[in-house]
Amino acid sequence: MLIYYILLAVSCAAMPLCGKKCGKWGKIVYCAVFAVLFTVVSAVRFQVGHDFNSYGGIYADLLFYDIDEISEMRLEKGFLMPIYILNLGFEKYYTVFIFTSVVIYFSVFALILKNSSIPWISVFAFLCFGVFFNSLCFLRQFIAAIIVAYAIKYTRGKNYFYFAVLVIAAASFHWSALIMTVLYFFLKIKPSWIYLGIVSAGTVVFCIFSRSAMMMMIDKFSIYGDYNPDTNPEASIGLPIRYTVMFGVLFIACFLFRKRLIERNPNNGVYINCLMFTTVFEAMGTRHAILSRFALLTYLPPILYLLPDAAAVIWDFAREKKGRIAAVASAVAAAVFSVGCYTVLMINNYNGVVPYTSQFNRPYDIFVETKITEEDEDEDYDDYDEEDDYTEEDGGNVIDSLPEFH
């Protein structure tokens, strides 16, 4: 847990770089330094994140596939093909984590640099509300979410074509991104109490009839057949409500100040809607955990763009109404809430990110050495034991294998 608190402390300590005195170059230096720092922390991790073994296993197995077999795999090709090409030159499984870390964090900090009014608050929120932890686990979907975050600027105006093209690109990393082609029209609606009431009522109705709704969706979209709530634990069991509460509090705060936020930046209306649907998907996740995954597609814009503006707006409002002391008190309350959420996520080992272990101090190696000789190949595996799925070999070339993935 210590490494995560260090990241948080350093990101806050470097906030002067984002001040007016340092100007544009201060923000550039801040984003560049933390892009590298986050990349390193992510790239050298070992057994951190529930999906670590899955992605490590996929990469290790690609060594034994040719291009024809790759084309027949169900895994999205936008993700699969780049790592297959990497596999041709770099066989070690942790190459996939180095590659994805570079892609994810340099893209995230490019978004922050371009769109955030206060970069250090974007980073603070990125950590405290579990977004960083998700980036250590849901690699394909997180990359898809980054592309969606780039596309979100096309929501305002009549730019559906450009938005759809980027969403299709995102879907090449994770099919769930296709939901954004429909959500686009709902994000364009101006935030209001009436709209909030309709969406809230729809969410309640869904949660009441969730199993039937899930089965209907599976019948219409065969790609989600593996998420049958009758057979898949992740689809049949719900998540704790604390994630819904966390994003719900953020949404309420931003919704109440929606007029000021939209005056500050017209795009904030779209980001408020993104935060609303993030809360909706988390609420649906309390019934079926898998549905909370859709929240990954909508939470980057509000976390990276909206919350910095919200912090500035609430600070100004409190100072105008009650003075500087009230503004400081509101900032302290927000910080306590945020760090509290961060701590709760770590205590509950959110997405399997605790404890943090690196490739340099790992307690064991998930690879074992298996040796094969030409003589063994000629003997048609005479020593093969079907029951134990094991072959006794002596000498020859060393091949890494992952018994966990076979």
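When reading the values below, keep in mind they use all heavy atoms of this one structure, side chains included, and skip hydrogens, waters and symmetry mates.
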Please table the atom pairs, donor to acceptor, closer than 3.5 Å between any side-chain atom in residues 13-22 and protein atoms at least two apart or in another chain.
none

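- Taking the six-membered ring for Trp and thresholds of 30 and 60 degrees, F38 and F34 have ring planes more than 60 degrees apart, a perpendicular arrangement.
- Separation of the Y59 and Y93 ring centroids does not fall under the 6.0 Å cut-off.
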Under 3.5 Å, side-chain donor or acceptor atoms of residues 245-252 against the rest of the protein: list the pairs with distances, not counting sequence neighbours.
none

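- Side-chain atoms of N265 and Y305 form no donor-acceptor pair, as typed in the model, at a separation below 3.5 Å.
- Looking at heavy atoms from C-beta onward, Y195 lies in side-chain contact with N273 at the 4.5 angstrom threshold.
- Note: I83 CD1 to T95 OG1 = 10.5 Å, rounded to the nearest 0.5 Å.
- Side-chain contact annotation: R45 with Y94, donor-acceptor N/O pair under 3.5 Å absent.
- Stacking of R258 on the aromatic ring of F255 is recorded, both the 6.0 Å distance cut-off and the 45° axial limit being met.
- In this structure, the ring of F129 has its center no less than 6.0 angstrom from the ring center of Y342.
- Of the inter-residue distances, the one linking E263 atom CD with F257 atom CZ reads 12.5 Å to the nearest 0.5 angstrom.
- Taking the six-membered ring wherever Trp is involved, the centroid distance between the rings of F109 and Y30 does not fall below 6.0 Å.
- Below 30°, between 30° and 60°, or above 60°: for Y4 and Y356 the angle between ring planes is above 60°, a perpendicular geometry.
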